**Student:** 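One structure, pasted below without further comment.
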Amino acid sequence: MVDELGVAVIGFGWMGRVHTQAYARLPHHYPQLPLRPRLVTVAEEVPGRAEEAAERFGFATATRDWRDVAADPRVRAVSITAPNFLHREIGVAMAEAGKHIWIEKPVGLTAEDARAVADAVAKAGVQGAVGFNYRNAPAVEAARDLIASGGIGTVTHVRIRLFSDYAAHPDGALTWRYERARGGSGVLGDLASHGADLARFLLGDITSLAADTAVFVPERARPAGATAGHALASGGEPGPVENEDYVNCLLRFASGARGVLEACRVSVGEQNNYGFEVHGTKGAVFWDFRRMNELAVSRGSTYQDQPVSTVYVGPGAGEFAAFQPGAGNAMGYDDLKVIEAYRFVRSVAEGVPYGATPADAVRSAAVLEAMLRSAQEGAWVSVGAG
């Protein structure tokens with residue numbers, strides 16, 4: 001017997017669409033789920049956008065006010081894909097209304113915001129999931145298993161990179177993303193938050209760090225109207241970019257390993273160049289998001305001149321079997337969000353958290369705040385527990 005789970009999506013930009021499509025695909029990839037999402041309502045303040053989403057994707061109703069979702073008894077679970085500055089208010093309100101929440105990172109502008117959402121989820125006894133999607137890649141989970149099993153020996157150091165060109169164009173519109181009050185910490189919250197989560201997911205807690213940040217495009221044009229994605233706005237009134245385009249960070253882990261985390265949103269020539277290289281005393285493992293289903297692995301006992309092999313992950317890795325029958329068949333970005341949706345809905349069905357949770361968002365936010373503090377002070381700083 002399959003029960004229905006009434007869901008709502010708040011904020012319908014690109015990520016709202018991705019969440020909606022992930023819900024729709026769940027019965028195809030995970031027919032065993034005892035809950036089947038039903039699209040109840042979509043909330044978006046931009047005029048006409050919610051109605052368009054309802055017509056296109058099959059939501060029963062549409063609204064411009066997200067508060068209507070909290071009061072809707074049909075809704076049991078909510079995707080929160082609104083801008084960062086709304087995450088805390090919406091997340092807390094939905095949890096207090098008894099709704100399970102799937103919220104995009106960085107879960108607010110600060111560690112305090114993330115903690116408020118995590119506390120509200122815990123107090124209400126609802127389930128919470130967070131959009132750290134890169135940890136869901138089957139190859140990343142396979143790398144984690146390899147590291148944990150000692151397959152590359154004791155980890156010595158890691159490099160994590162997140163380079164993108166989405167903000168490289170000088171005519172990129174001055175949207176909320178570039179404002180401290182509404183966007184928070186720039187590339188730190190947008191990309192480095194994923195890096196902090198991957199670092200913890202693979203290697204455990206970060207204890208201290210030293211960071212440097214920079215703004216490389218100091219002014220942008222204000223858009224004339226509502227924007228979606230990373231729109232251009234040439235000729236508009238110029239305004240200052242208030243948060244970071246770039247961060248470079250040295251890491252120390254509780255295990256004794258060292259690391260480097262680097263992220264940039266204005267890297268010309270880089271399109272979603274995300275990945276990591278983890279080195280150990282007996283080998284190494286490498287992952288590149290653009291070749292998402294592959295790992296480069298070096299292991300053995302020769303040490304010097306030890307070869308590196310390409311491994312195509314298959315049905316034994318993570319959730320790969322829910323999408324493809326054998327190694328070498330590609331998965332893509334949207335599949336990672338389907339995995340995320342599956343783990344969220346499974347959490348709701350079983351009352352046990354699966355995947356990234358608001359507690360993980362708190363720990364990631366603590367790393368980001370330590371980065372900001374280090375960059376301001378020009379010194380190594382300790383990372384709090386969040």
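Keep in mind that what you see is a predicted model, and the values were worked out from it rather than measured. The first residue in the sequence is number 1, and the count goes up from there.
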**Student:** Treating R144 as the side-chain partner and F201 as the backbone partner, does any N or O pair qualify as donor plus acceptor under 3.5 Å?
**Tutor:** yes
**Student:** Any carboxylate oxygen within less than 4.0 angstrom of a Lys/Arg side-chain nitrogen, looking at E277 and R159?
**Tutor:**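 Yes, this pair counts.
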**Student:** Among pairs that include at least one residue of residues 183-192, which meet salt bridge (charged side-chain N to carboxylate O under 4.0 Å, His left out), considering only residues two or more places apart or in two chains?
**Tutor:** K105-D190
**Student:** Do F163 and Y274 make the cut of ring centroids closer than 6.0 angstrom?
**Tutor:**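 For F163 and Y274, the ring centres are not under 6.0 Å apart.
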**Student:** Should H87 and V117 be marked as a side chain to side chain contact (heavy atoms under 4.5 Å, CB included) after you check the CA-CA gap, both sets of side-chain angles, and the distance that decides it?
**Tutor:** CA-CA 8 Å; H87 284 188; V117 174; 5.8 Å; no
**Student:** So, for Y134 and F289, is the gap between ring centers shorter than 6.0 Å?
**Tutor:** yes
**Student:** Could you verify whether a donor N or O on one side chain and an acceptor N or O on the other, from T110 and R115, lie under 3.5 Å apart?
**Tutor:**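 No, no side-chain donor-acceptor contact under 3.5 Å.
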**Student:** What verdict does the side chain to side chain contact (heavy atoms under 4.5 Å, CB included) test give for V7 and R38, after you've listed the backbone C-alpha separation in whole Å, the side-chain angles of each residue and the deciding distance to 0.1 Å?
**Tutor:** CA-CA 6 Å; V7 302; R38 178 170 61 89; over 6 Å; no
**Student:** Would you compute the distance between atom CG of L198 and atom CZ of F276 and round it to the nearest 0.5 angstrom?
**Tutor:** 6.5 Å
**Student:** Which residue, R299, Q306, Q304, forms the side chain to side chain donor-acceptor pair (under 3.5 Å) with T302?
**Tutor:**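 In the set R299, Q306, Q304, the residue that makes a side chain to side chain donor-acceptor pair (under 3.5 Å) with T302 is Q306.
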**Student:** For a side chain to side chain contact (heavy atoms under 4.5 Å, CB included) check, start with the C-alpha distance between L295 and F286, then their side-chain angles and the critical distance, and finish with the verdict.
**Tutor:** CA-CA 6 Å; L295 287 176; F286 312 92; over 6 Å; no
**Student:** Can you hop from L250 to L209 via hydrophobic side chains spaced under 4.5 Å?
**Tutor:**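 Cluster IDs for L250 and L209 differ.
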**Student:** Looking at every heavy atom in both H279 and I152, which two are closest together, and how far apart are they?
**Tutor:**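 H279 and I152 have their closest heavy atoms at C-CD1, 4.3 Å.
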**Student:** Do the side chains of V297 and L146 get nearer than 4.5 Å, heavy atoms only?
**Tutor:** yes
**Student:** Please report the interatomic distance CZ(R135) to CG(L202), rounded to the nearest 0.5 Å.
**Tutor:** 9.5 Å
**Student:** Rounded to the nearest 0.5 Å, what separation is found between the CZ atom of R363 and the CG atom of D205?
**Tutor:**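 The distance works out to 7.0 Å.
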**Student:** State the CE-CG distance between M292 and D288, to the nearest 0.5 angstrom.
**Tutor:**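 Reported value, rounded in 0.5 Å steps: 11.5 Å.
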**Student:** For K337 and E104, what are the C-alpha separation, side-chain angles and deciding distance, and is it a salt bridge (Lys or Arg N to Asp or Glu O under 4.0 Å)?
**Tutor:** CA-CA 11 Å; K337 303 306 280 190; E104 277 304 315; 2.8 Å; yes
**Student:** Would you call R76 and D3 a salt bridge, using N to O less than 4.0 angstrom?
**Tutor:**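 Salt bridge flag = no for D3 with R76.
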**Student:** Verify salt bridge (Lys or Arg N to Asp or Glu O under 4.0 Å) between E52 and R49, making sure each step is shown before the conclusion.
**Tutor:** CA-CA 5 Å; E52 180 184 354; R49 190 177 286 176; over 6 Å; no
**Student:** Hey, is the main chain of Q127 close enough, under 3.5 Å, to the side chain of H100 for a donor-acceptor pair?
**Tutor:**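 Here the side-chain-to-backbone pair exists.
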**Student:** Looking at every heavy atom in both P170 and V217, which two are closest together, and how far apart are they?
**Tutor:** CA-CG1, 4.5 Å
**Student:** Could you measure the distance from the OG atom of S185 to the CZ atom of R180? Nearest 0.5 Å is fine.
**Tutor:**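 Rounded to the nearest 0.5 Å, the OG-CZ separation comes out at 6.5 Å.
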**Student:** Are any side-chain N or O atoms of E237 and backbone N or O atoms of R222, one a donor and one an acceptor, separated by less than 3.5 Å?
**Tutor:**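 Absent.
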**Student:** Test of understanding: with salt bridge (charged side-chain N to carboxylate O under 4.0 Å, His left out), list the residues that count as partners of E369, not counting sequence neighbours.
**Tutor:**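 With sequence neighbours excluded, E369 shows a salt bridge (charged side-chain N to carboxylate O under 4.0 Å, His left out) to no residue whatsoever.
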**Student:** Please list all pairs meeting salt bridge (charged side-chain N to carboxylate O under 4.0 Å, His left out) that have one or both residues in residues 119-133, counting only residues at least two apart or in different chains.
**Tutor:** none
**Student:** Examine V130 and V92 and state if one hydrophobic cluster contains both, with Ile, Leu, Val, Met, Phe, Trp and Tyr joined whenever side-chain heavy atoms are less than 4.5 Å apart.
**Tutor:** yes
**Student:** Are F57 and R17 side-chain neighbours, meaning at least one heavy-atom pair lies under 4.5 Å?
**Tutor:** yes
**Student:** Between S193 (side chain only) and P106 (backbone N and O only), is there a donor and an acceptor less than 3.5 Å apart?
**Tutor:**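 Here the side-chain-to-backbone pair does not exist.
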**Student:** List the atom of G91, the atom of I80, and the distance in Å for their closest heavy-atom pair.
**Tutor:**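 Of all heavy-atom pairs spanning G91 and I80, the closest is CA-CD1, 3.6 Å.
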**Student:** Using the rule that Ile, Leu, Val, Met, Phe, Trp and Tyr join whenever any side-chain heavy atoms are under 4.5 Å apart, tell me whether L191 and V215 fall into a single cluster.
**Tutor:** no
**Student:** Report yes if some heavy atom in the side chain of I101 is under 4.5 Å from a heavy atom in the side chain of V126; otherwise report no.
**Tutor:**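 No, their side chains stay 4.5 Å or more apart.
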**Student:** Does a donor on one side chain sit under 3.5 Å from an acceptor on the other, for Y23 and S79?
**Tutor:**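 There is such a pair (donor and acceptor under 3.5 Å, judged by atom type) between the side chains of Y23 and S79.
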**Student:** What heavy-atom pair brings A173 and P223 nearest, and what distance separates the two atoms?
**Tutor:**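 Closest approach of A173 to P223, heavy atoms only: CB-CB, 4.2 Å.
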**Student:** Please check this pair: side chain of T207 against backbone of R252, looking for a donor-acceptor N/O pair closer than 3.5 Å.
**Tutor:** yes
**Student:** Are side-chain heavy atoms of T20 and F12 found at a separation under 4.5 Å?
**Tutor:**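 Side chain of T20 against side chain of F12, heavy atoms only: contact under 4.5 Å found.
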**Student:** So, R25 and D335, do they make that salt bridge, N to O below 4.0 Å?
**Tutor:** yes
**Student:** Indicate yes or no for a side-chain donor-acceptor contact from T154 to the backbone of T281 under 3.5 Å, with no hydrogens or angles considered.
**Tutor:** no
**Student:** Out of curiosity, L26 CG to Q21 CD, how far, rounded to the nearest 0.5 Å?
**Tutor:** 12.5 Å
**Student:** Examine V155 and V140 and state if one hydrophobic cluster contains both, with Ile, Leu, Val, Met, Phe, Trp and Tyr joined whenever side-chain heavy atoms are less than 4.5 Å apart.
**Tutor:** yes
**Student:** Give every residue pair that meets the side-chain hydrogen bond (donor to acceptor under 3.5 Å, both in side chains) criterion with at least one member in residues 261-270, sequence neighbours excluded.
**Tutor:** N243-R265, D245-R265, Y246-E262, E270-N273
**Student:** Taking the side chain from R343 and the backbone from Y354, do they hold a donor-acceptor pair closer than 3.5 Å?
**Tutor:**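 No, the answer is negative, given that no donor and acceptor are paired below the 3.5 Å cut-off.
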**Student:** Of the non-hydrogen atoms in A62 and A54, which two are nearest, and what is the gap between them?
**Tutor:**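 For A62 and A54, the tightest heavy-atom pair comes out as CB-CB, 4.1 Å.
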**Student:** Can you list the steps and then say if V158 with V260 is a side chain to side chain contact (heavy atoms under 4.5 Å, CB included)?
**Tutor:** CA-CA 6 Å; V158 59; V260 176; over 6 Å; no
**Student:** Do you know which two heavy atoms are closest between L336 and N133, and how far apart they sit?
**Tutor:** CD1-O, 3.7 Å
**Student:** Any donor and acceptor pair, going by atom type alone, linking the side chain of T213 with main-chain N or O of E244 inside 3.5 Å?
**Tutor:**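 No, T213 side chain to E244 backbone: no donor-acceptor pair under 3.5 Å.
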**Student:** If only atom types and distance count, is the side chain of S347 paired as donor or acceptor with the main-chain N or O of V352 below 3.5 Å?
**Tutor:**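 Present.
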**Student:** Determine all donor-acceptor pairs shorter than 3.5 Å in which one atom belongs to a side chain in residues 308-331; sequence neighbours excluded.
**Tutor:**
{"residue": "E319", "atom": "OE1", "partner": "Y30", "partner atom": "OH", "Å": "3.0"}
{"residue": "Q324", "atom": "NE2", "partner": "A330", "partner atom": "O", "Å": "3.1"}
{"residue": "N329", "atom": "ND2", "partner": "G326", "partner atom": "O", "Å": "2.8"}

**Student:** Is there a side-chain contact between F132 and S364 in this structure, where contact means two heavy atoms from C-beta onward sitting under 4.5 Å apart?
**Tutor:**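 They are in side-chain contact.
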**Student:** Only counting residues at least two apart or in another chain, list the ones meeting ring pair (Phe, Tyr, Trp, His ring centres under 6.0 Å) with H19.
**Tutor:**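 Partners of H19 under the ring pair (Phe, Tyr, Trp, His ring centres under 6.0 Å) test: W102.
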**Student:** Compute both the distance and the angle, then confirm whether R258 meets the cation-pi test with F253: under 6.0 Å from the six-membered ring centre, within 45 degrees of the axis.
**Tutor:**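 Not flagged: R258 not positioned over aromatic ring of F253.
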**Student:** Answer yes or no: is there a donor N or O on one side and an acceptor on the other, between the side chain of S149 and the main chain of D145, under 3.5 Å?
**Tutor:**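 Yes: the side chain of S149 pairs with the backbone of D145.
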**Student:** Do R64 and E45 pass the salt bridge (Lys or Arg N to Asp or Glu O under 4.0 Å) test, and can you show the C-alpha distance, the side-chain angles, and the key distance before you say yes or no?
**Tutor:** CA-CA 4 Å; R64 289 185 61 184; E45 66 176 11; over 6 Å; no
